[in-house]
K.L.:
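Dropping a structure here in structure tokens format, bear with me for questions.
All heavy atoms count here, side chains included; hydrogens, waters and symmetry mates do not. Every chain is numbered from 1, with letters handed out A, B, ... down the list of sequences.
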There are 2 protein chains.
Amino acid sequence: MFDWDDLRIFLGVARSRTLADAARQLELDATTVGRRLTRLGESLGANLFEQVGGTRRLTESGHALFRHAEAVESAALSAVAQVTGESQSLAGQVRLSVAEGFGTWVLAPAMREFHQSNPRIRLDLITASGFLNPSKREADMAVMLARPQRGRLVVQLLGDYRLHLYASEAYLASQGTPRRPADLRRHVLVGYIPELIYAPELDYLGEVLTGLEAVLRSTSINVQHQMISHGAGIGVLPDFIGDRDPGLVRILPDHVELTRDFWLVTHSDLANLSRVRAVAQWLRHRVQALQDQIKTG
Amino acid sequence: MFDWDDLRIFLGVARSRTLADAARQLELDATTVGRRLTRLGESLGANLFEQVGGTRRLTESGHALFRHAEAVESAALSAVAQVTGESQSLAGQVRLSVAEGFGTWVLAPAMREFHQSNPRIRLDLITASGFLNPSKREADMAVMLARPQRGRLVVQLLGDYRLHLYASEAYLASQGTPRRPADLRRHVLVGYIPELIYAPELDYLGEVLTGLEAVLRSTSINVQHQMISHGAGIGVLPDFIGDRDPGLVRILPDHVELTRDFWLVTHSDLANLSRVRAVAQWLRHRVQALQDQIKTG
DNA sequence: TCCTCATGCTGCAATTTTGCAGTCTATCGA
DNA sequence: TCGATAGACTGCAAAATTGCAGCATGAGGA
């Protein structure tokens, strides 16, 4: 019988695609990772990876093993959770991946409250460019804009939010206020950098009016907001950003209104851990409050 | 994260109840087994076993872990099976536990045929006193007389067989032939040793007539058969033994006829391996042939 | 085209793991 | 009550695993 622990290493490499990366995640040396992978392959008599350029891809055998290895992992994690009583305890670490705007404007202001309710949960708020993938275990949970199609995930709809065009009063005073969507072509637009967009749901301008292109661009919604707020131009912002900034005005609110959904994505293995449920509940409350606030405000 | 391989050791100890025994099964030193068990317990922060006399019993935490560890094992075994192509290949080892009589008189004569059909399967026929337990992985499959109640097992009814009282013509010539069941009390009876009986289904004599006791006893049905065959007394034998011996005669066939079932029990993890299915199919055929033979014969 | 950076492999030393003896303890049977 | 047997724990040497340093290779950018 082969060493079951080698499956843990195998999973790491299969997910991160390089030995070095896997080694970091596993807190081992890349050499060790390589050697244990070789050992596993030998004892199974199968070639698990093919090296294409810098990265390793699973072979057919590798894919077959991967599914089973995930099952092993799942069982092992449940084992720890149950035996250590972790599944019942509101303690431990949760890594949550969110979009930058949501993290900055919705979650960050409420973190104090969360920590007071759950002092023993360490909540890491990750706003990497691109959502980290719970199915790759880069994060435990993620709030995403689209429902992921595959993976061992538990997905639930948190709610939706609206977006409008915003501009500062200073900008409108100097450049005038657009009356019709077509007027937008004559204005300075603020938006994302299309090549670096990490979710198709963020491609707002194309939806507002075909062919519309931003000239002031950033990968960061916060940078965009600051530009708009300081009178640089007109841009699409979520209401939970635009409405909070008293210096901003909605532009063409009757013509341009976008809606997006928030999806909460959790790895199946973790979905019934108390601490994960606590975070999920908090997220549902935050999004609920967000929607109530917009309605009444 | 703890070493997943330690779960393998844990399972071994949980099943065999002693370090030394587990060590033999795992092909490790008992010292190593003990130390890795300690390490696992420490990294989970739980006491897994309590020592009661010579044996180790699972604590509550241990029980919780056990179920998960079995899930890990199951996934790991599937992994090997699939990657090595073992699941499709008619090769490898199968350990089959059967009752001695069935093994000797039904299976052994057909082993040549099995081997010719499946030359790459090594079939171990185990006739230990008592059935080995597939759920403890002492055997891969077992033909049992009763349907086991629990365990991760796949159970199917193979068929039934009949038993009658038999005696040799020599015995009857010297001691006379019983005419009524009550006559049996005056005869020399051959049977099992009640204290050493390993399945309640083997307690035939009580079923024939209350209070009937054997004086010539053995734990082995083959020894009993030899005694009966050589004129030592009257005893219950399966028809597949008694009818094959031309020197034996059925006694009181209209009054005494017992029926027993054959159950094929396979560990769930192995049930869909080709080699295991091949053995199962062969067993079904053997039992079918046995029943046809009795009917027509 | 060259340079830089990161990956991944080989040799070596340090650490860890493992197995073997020997010892102690507990259970079973005479 | 006393051996006999088997299980489990401690010291020590052997073997394996691991990490580090150095080097080759290949991809991406200036």
Side-chain angles (χ1 to χ4, degrees), chain A residues 1-44 46-59 62 76 128-130 136 138 193 195-196 198 219, chain B residues 1-44 46-59 61-62 76 128-130 136 138 193 195-196 219:
Chain A
M1 176 61 64
F2 67 102
D3 188 320
W4 291 4
D5 203 52
D6 288 348
L7 289 178
R8 199 162 56 82
I9 278 72
F10 166 78
L11 272 179
V13 178
R15 286 183 179 133
S16 59
R17 292 184 157 64
T18 75
L19 292 190
D21 220 33
R24 268 186 292 277
Q25 302 243 342
L26 298 164
E27 299 184 44
L28 289 172
D29 193 89
T31 318
T32 306
V33 174
R35 287 193 278 233
R36 289 185 64 175
L37 213 55
T38 308
R39 186 176 71 177
L40 179 65
E42 277 168 4
S43 68
L44 291 176
N47 220 336
L48 267 16
F49 291 96
E50 49 182 314
Q51 263 172 291
V52 183
T55 64
R56 280 160 196 264
R57 292 187 42 187
L58 287 169
T59 60
S129 49
K136 287 189 185 173
E138 294 166 335
I193 307 170
E195 309 90 271
L196 298 180
Y198 58 88
T219 53
Chain B
M1 176 61 65
F2 68 101
D3 189 317
W4 291 4
D5 203 51
D6 288 349
L7 290 177
R8 199 161 55 83
I9 278 72
F10 166 76
L11 271 180
V13 178
R15 287 185 179 131
S16 58
R17 292 182 154 65
T18 75
L19 292 191
D21 220 33
R24 268 186 292 279
Q25 301 243 344
L26 297 165
E27 299 183 45
L28 288 171
D29 192 88
T31 318
T32 306
V33 174
R35 286 192 280 231
R36 290 185 64 176
L37 213 54
T38 308
R39 184 177 73 179
L40 180 66
E42 277 169 4
S43 68
L44 291 177
N47 220 336
L48 268 14
F49 292 96
E50 50 180 311
Q51 261 172 291
V52 182
T55 64
R56 279 161 194 263
R57 293 188 42 189
L58 288 169
T59 60
S61 299
S129 50
K136 286 189 186 173
E138 295 166 335
I193 306 170
E195 308 92 271
L196 299 180
T219 53

K.L.:
Strictly distance-based, threshold 3.5 Å: is any side-chain N or O of A/Ser43 a donor or acceptor partner for the main-chain N or O of A/Phe2?
P.N.:
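No, the answer is negative, given that no donor and acceptor are paired below the 3.5 Å cut-off.
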K.L.:
Check the distance between D/dC9's C1' and B/Leu19's CG and give it to me in whole angstrom.
P.N.:
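One finds 10 Å between C1' of D/dC9 and CG of B/Leu19, rounded.
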K.L.:
Answer yes or no: does a side-chain N or O of B/Arg17 lie under 4.0 Å from OP1 or OP2 of D/dA6?
P.N.:
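So the side-chain polar atoms of B/Arg17 never come under 4.0 Å of the phosphate oxygens OP1 or OP2 of D/dA6.
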K.L.:
Rounding to an integer number of Å, can you tell me how far A/Ile9 CD1 sits from D/dT18 C1'?
P.N.:
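To the nearest whole Å, that distance equals 12 Å.
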K.L.:
Test side chain to side chain contact (heavy atoms under 4.5 Å, CB included) on A/Arg8 and A/Leu11 and set out the steps.
P.N.:
CA-CA 5 Å; A/Arg8 199 162 56 82; A/Leu11 272 179; 5.9 Å; no
K.L.:
Rounded off to whole Å, could you give me the CZ-to-P distance for the A/Phe49 and C/dT7 pair?
P.N.:
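Interatomic distance, CZ of A/Phe49 to P of C/dT7: 16 Å.
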K.L.:
Send over the distance from B/Arg56 CZ to C/dT27 P, rounded to a whole Å.
P.N.:
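Checked: the CZ to P distance equals 14 Å.
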K.L.:
Would B/Asp5 and B/Arg36 satisfy side chain to side chain contact (heavy atoms under 4.5 Å, CB included), going step by step from the backbone distance to the final call?
P.N.:
CA-CA 9 Å; B/Asp5 203 51; B/Arg36 290 185 64 176; 2.9 Å; yes
K.L.:
Identify the residue among B/Leu40, B/Thr32, B/Asp3, B/Val33 that makes a side-chain contact (heavy atoms from CB on, under 4.5 Å) with B/Ile9.
P.N.:
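Among the candidates, only B/Val33 passes.
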K.L.:
For the residue pair B/Ser16 and B/Asp21, what are the closest heavy atoms and their distance?
P.N.:
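B/Ser16 and B/Asp21 have their closest heavy atoms at CB-OD2, 3.6 Å.
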K.L.:
Checking A/Thr59 side chain against A/Asn47 main chain: does a donor-acceptor pair fall under 3.5 Å?
P.N.:
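Yes: the side chain of A/Thr59 pairs with the backbone of A/Asn47.
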K.L.:
Please tabulate the protein-to-nucleotide N/O contacts below 3.5 Å involving nucleotides 17-19 of chain C, giving atom names and distances.
P.N.:
residue: C/dT17; atom: OP1; partner: B/Arg39; partner atom: NH1; Å: 3.2
residue: C/dT18; atom: OP1; partner: B/Arg36; partner atom: NH1; Å: 3.3
residue: C/dG19; atom: OP2; partner: B/Asp29; partner atom: N; Å: 3.1
residue: C/dG19; atom: OP2; partner: B/Thr32; partner atom: OG1; Å: 2.5
residue: C/dG19; atom: N7; partner: B/Arg35; partner atom: NH2; Å: 3.1
residue: C/dG19; atom: O6; partner: B/Arg35; partner atom: NH2; Å: 3.2

